[in-house]
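To start, the structure under review is shown below, and the notes come after it.
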Amino acid sequence: MIFKQLFDTKSSTYTYLISSGNGREALIIDPVLENVNEYIYILKELDLKLVKVIDTHIHADHVTGASKLKNITKCSTIMGNHTPAESVEIKVKDDEYINLDNIKIRAMYTPGHTSDSYSFLMNNYLFSGDTLLINGTGRTDFQNGNAKDAYNSIFNKLLKLPDETLLYPAHDYKGEKVSTIGKERKQNPRLQVNSVDEYVEIMNNLNIKKPSELEFNVSRNINLGA
Ligand code: FE
């Protein structure tokens with residue numbers, strides 16, 4: 001299998017490139033518009049055919065490269081079916097599988113950070129978007145975010161996965177690249193709560209500033225960055 005974790009320094013976004021092998025189909029999760037040329041270069045180097053691109057949710061902190069990649073490679077665009085982005089071609093449902101040659105990727109509806117947030121599970125690789133981060137969790141204070149939903153998505157869905165599941169989030173601001181579900185359950189400070197109310201209390205009092213260009217990014221991303 002080919003697996004590449006790429007990083008956008010401006011927005012601290014992780015983008016993932018997956019393929020079963022050289023000369024085969026590829027999929028990209030959470031591409032960043034400014035880095036599309038880099039993805040195209042890697043695809044060419046590895047002789048891969050990009051067939052699918054996924055956005056885990058409508059991002060507020062960067063513009064997606066989905067439309068640009070589609071224009072260049074004719075790949076299909078995928079999001080969860082709660083997305084407000086009408087031009088998405090394939091809208092997957094909770095528990096639906098996405099195929100990539102012999103690889104199967106399960107879509108999991110994990111609202112809370114936004115109402116359209118999905119996570120994607122490929123074998124023991126979990127791409128959690130901004131639902132679950134390393135030592136953190138995605139904020140819930142805009143884009144129909146909801147701390148109670150986030151608690152439910154994290155505790156009743158993602159943390160039910162086996163301990164050894166590898167956690168690959170959409171962002172990290174401290175240089176962490178990967179964790180596991182077991183490690184996060186034990187050590188993630190946001191997850192050391194005894195009740196949903198306690199979690200909601202924490203999330204509703206974070207007082208963090210909004211990303212710059214939030215409105216611009218969201219409005220671009222509703223059109224997949226076109
Ligand atoms: Fe986000």
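Atoms within a ligand are numbered from 1 in the order they appear, just like the ligands themselves.
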**Message:** Tell me how many protein N, O or S atoms are within a distance shorter than 2.8 Å of the Fe ion (ligand 1).
**Reply:**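 If we list every protein N, O or S atom nearer than 2.8 Å to the Fe ion (ligand 1), we get 3.
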
**Prompt:** If you draw a 6.0 Å radius around OH in Tyr41, do more than 12 non-hydrogen atoms from other residues or ligands fall strictly inside?
**Reply:** no

**Request:** Take Asp61 and Arg139 through the salt bridge (charged side-chain N to carboxylate O under 4.0 Å, His left out) test and state the conclusion after the steps.
**Result:** CA-CA 12 Å; Asp61 56 0; Arg139 63 194 296 171; over 6 Å; no

**Prompt:** So among Tyr16, Tyr14, Tyr118, Phe120, which one has a ring pair (Phe, Tyr, Trp, His ring centres under 6.0 Å) with Phe127?
**Reply:** Tyr16

**Prompt:** Partners of Leu166 by side chain to side chain contact (heavy atoms under 4.5 Å, CB included), sequence neighbours excluded?
**Reply:** Asn124, Tyr125, Tyr168, Val178, Thr180

**Message:** Under a 3.5 Å cutoff, is there a donor and acceptor pairing between the side chains of Ser76 and Glu89?
**Reply:**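 Distance-only check fails for Ser76 and Glu89.
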
**Request:** Would you kindly say whether Asn217 and Asn221 are connected by a side-chain donor-acceptor distance under 3.5 Å?
**Result:**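 Judged by distance alone, the side chains do not pair up.
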
